[in-house]
2 protein chains.
Amino acid sequence: MAIKVTVQLVVFAIRDSALQVLLAKRQGKTLKNGMGIPGTLLHQGESFEDAAKRTLKSSVGADEIHLEQLHCSVNARRNGGGGRGFSVAYFALLPADKARAMSSTSWRGLRNLSTLGSTQQRIVDHAVRRLRKRVEHNTAGFRLLARKFTLPELQQMYEAILDRDLDKRNFRKKMSSLGVLRALPEWRRTGRKPARLYTVAASRLEKLEHKEIAL
Amino acid sequence: MAIKVTVQLVVFAIRDSALQVLLAKRQGKTLKNGMGIPGTLLHQGESFEDAAKRTLKSSVGADEIHLEQLHCSVNARRNGGGGRGFSVAYFALLPADKARAMSSTSWRGLRNLSTLGSTQQRIVDHAVRRLRKRVEHNTAGFRLLARKFTLPELQQMYEAILDRDLDKRNFRKKMSSLGVLRALPEWRRTGRKPARLYTVAASRLEKLEHKEIAL
DNA sequence: ACAAAAGTGTTCGATATACACCCATGT
DNA sequence: ACATGGGTGTATATCGAACACTTTTGT
């Protein structure tokens, strides 16, 4: 009659200019494939969000990041046992400069997830849809940025998430109009010509957080 | 160590040209005030959505209506007992012609909910925010309509939900452009001049269901 | 010198908004 | 006759979409 409550996370980050998902070695005993989206059992007296944060801390060592509940479900007989199993899925956005690969975790592009079971695949799909909505209509994209970034990086990020090309000039116009970009007196040279570095004006971002924006 | 899993519903309907919420006599034994949002304990082998539908059937006798999961939480010590309590909230849209008052239930306007506890009040607030978003950016409003309706009724409904006035001509233009309105060769006379009756073209509505619309 | 990527404005079409009068009916 | 509410079109502003060249740097 043991009731298992599982909290599972879809953690997104931009790595190598691509949208990637965090996988972790599954600690469950008799589980088939080694890697899956990170998760944990709910501890006594802990909220779902606490458990999600704890999992984030242990799998990527990060806190204070965007976290959002996705869905919650009951699975009639989970893990073979007698009782019911509850499962709550969250999605999280990890800034690029915190997205390091630790031992026992790895990052995967969206097209490299074939090893996931169908349940986890559905959760990831759901999270991707949610992410795209948040990025298109809100300012969630900025939660994935490193502290300093260039406009070409910003645009590549949007293109990677939305999976379509964006017009450079229109994109920059829109971003400027939001007023969240703060130009730094610094440049980064990756390709040929150095690109200007920016930061987000956190105060400005918070004001936009719950408003609808176009893209 | 009993674990209670509660499924709670915020059921919306338009009554008397106002947005109202369904309340039901609470069946819990030692609960203070008599009325709260309808809910149930999860049965064995039942999914959350099944439980929500069952509650809908018993409290308003309706099925096949828009139902959406809102949030899910754990309450450390619920009902005084030892175990944890889980609670899943759903929100539901009931067409106006199915929104009858049964015994042991009642409908309340949003400003008449002062008898609710703070937990339920928060759930309702959350549901109202979600409803407004769905009505502004999707076609959820049409799920609240009776089978036949007039354009003034439709507009009053939007105004009641969004809590602001809309321009009559612009509103009608937008609605026509969606192509979901089917004019009937019938008129209804409530005030002075009779107003034309319409139905929704269900096939058209389904196509718009998951798209973004402006308002 | 040339290739590669950064940066920068304008035009045009579509969509949202503002706005005022006539018509049918009941009293 | 008049008061009430239903019905209709146009002009303007705003926003999104399309589009090409110059500049800086490394090779």
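Order of the sequence lines sets the chain letters (A, B, ...), proteins ahead of strands, with each chain counted from 1. Side-chain atoms are counted along with the backbone in the values below, which use heavy atoms only and exclude waters and symmetry mates.
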TODO: Round to the nearest Å and state the distance from A:Leu215 atom CG to C:dT15 atom P.
DONE: 17 Å
Open item on the list: Between the base of D:dG7 and the side chain of B:Lys168, is there a donor and acceptor pair under 3.5 angstrom?
Closed with: yes
Task: Comparing B:Gln156 and A:Arg189 on DNA chain D - which has the more 5′ nearest nucleotide - done: B:Gln156
Open item on the list: Just to be sure I understand the rule, does A:Lys174 reach a base, reach only the sugar-phosphate, or reach nothing, if contact means heavy atoms closer than 4.0 Å?
Closed with: sugar-phosphate
TODO: Evaluate the criterion salt bridge (charged side-chain N to carboxylate O under 4.0 Å, His left out) for residue pair B:Glu209 and B:Arg143; output intermediate values, then yes/no.
DONE: CA-CA 11 Å; B:Glu209 201 97 80; B:Arg143 299 284 166 202; 2.6 Å; yes
Task: B:Arg169 vs D:dG7: side-chain N/O to OP1/OP2 distance below 4.0 Å - done: no
Task: Nucleotide C:dT11, atom C1' - distance to CG of A:Asp167 in whole Å - done: 13 Å
TODO: With DNA chain D as reference, determine whether B:Arg192 or A:Pro194 sits nearer its 5' end, using the nearest nucleotide of each.
DONE: B:Arg192
TODO: Rounded to the nearest angstrom, tell me the gap between atom CZ in A:Arg188 and atom P in C:dG7.
DONE: 12 Å
Task: Separation of atom CE in B:Met175 from atom P in C:dA16, rounded to whole Å - done: 11 Å
- [ ] Measure from CG on B:Asp165 to P on C:dT17 and round the result to the nearest Å.
- [x] 14 Å
- [ ] Please examine the side chains of B:Phe142 and B:Leu178, heavy atoms only from C-beta on, and report whether any two atoms are closer than 4.5 Å.
- [x] yes
Task: Among D:dA17, C:dG7, D:dT8, the one nearest A:Leu151 by side-chain distance - done: C:dG7
Open item on the list: Given C:dG7, C:dT17, C:dG9, identify the nucleotide with an atom nearest to the side chain of B:Asn170.
Closed with: C:dT17
- [ ] Could you check whether A:Arg196 gets within reach of a base, just the sugar-phosphate, or nothing at all, counting any heavy atom under 4.0 Å?
- [x] sugar-phosphate
Open item on the list: Less than 4.5 Å apart, side chain to side chain, heavy atoms only: is that true for A:Gln8 and A:Leu70?
Closed with: no
Open item on the list: Whether the side chain of B:Lys173 and the base of D:dT10 hold a donor-acceptor pair under 3.5 Å is what I'd like checked.
Closed with: yes
TODO: Take the protein atom CZ of B:Phe171 and the nucleotide atom P of D:dG9, then report the distance between them rounded to whole Å.
DONE: 18 Å
- [ ] Run through A:Arg188, A:Arg196, A:Lys148 and flag the one making a salt bridge (Lys or Arg N to Asp or Glu O under 4.0 Å) with A:Glu153.
- [x] A:Arg188
Task: For atom NZ of B:Lys193 and atom C1' of C:dG26, their distance in whole Å - done: 13 Å
Open item on the list: side chain to side chain contact (heavy atoms under 4.5 Å, CB included) for A:His43 and A:Arg54? Distances and angles first, verdict last.
Closed with: CA-CA 10 Å; A:His43 290 180; A:Arg54 178 166 53 75; 3.3 Å; yes
TODO: Measure the distance from CZ on B:Arg172 to P on C:dT17 and round it to the nearest whole Å.
DONE: 18 Å
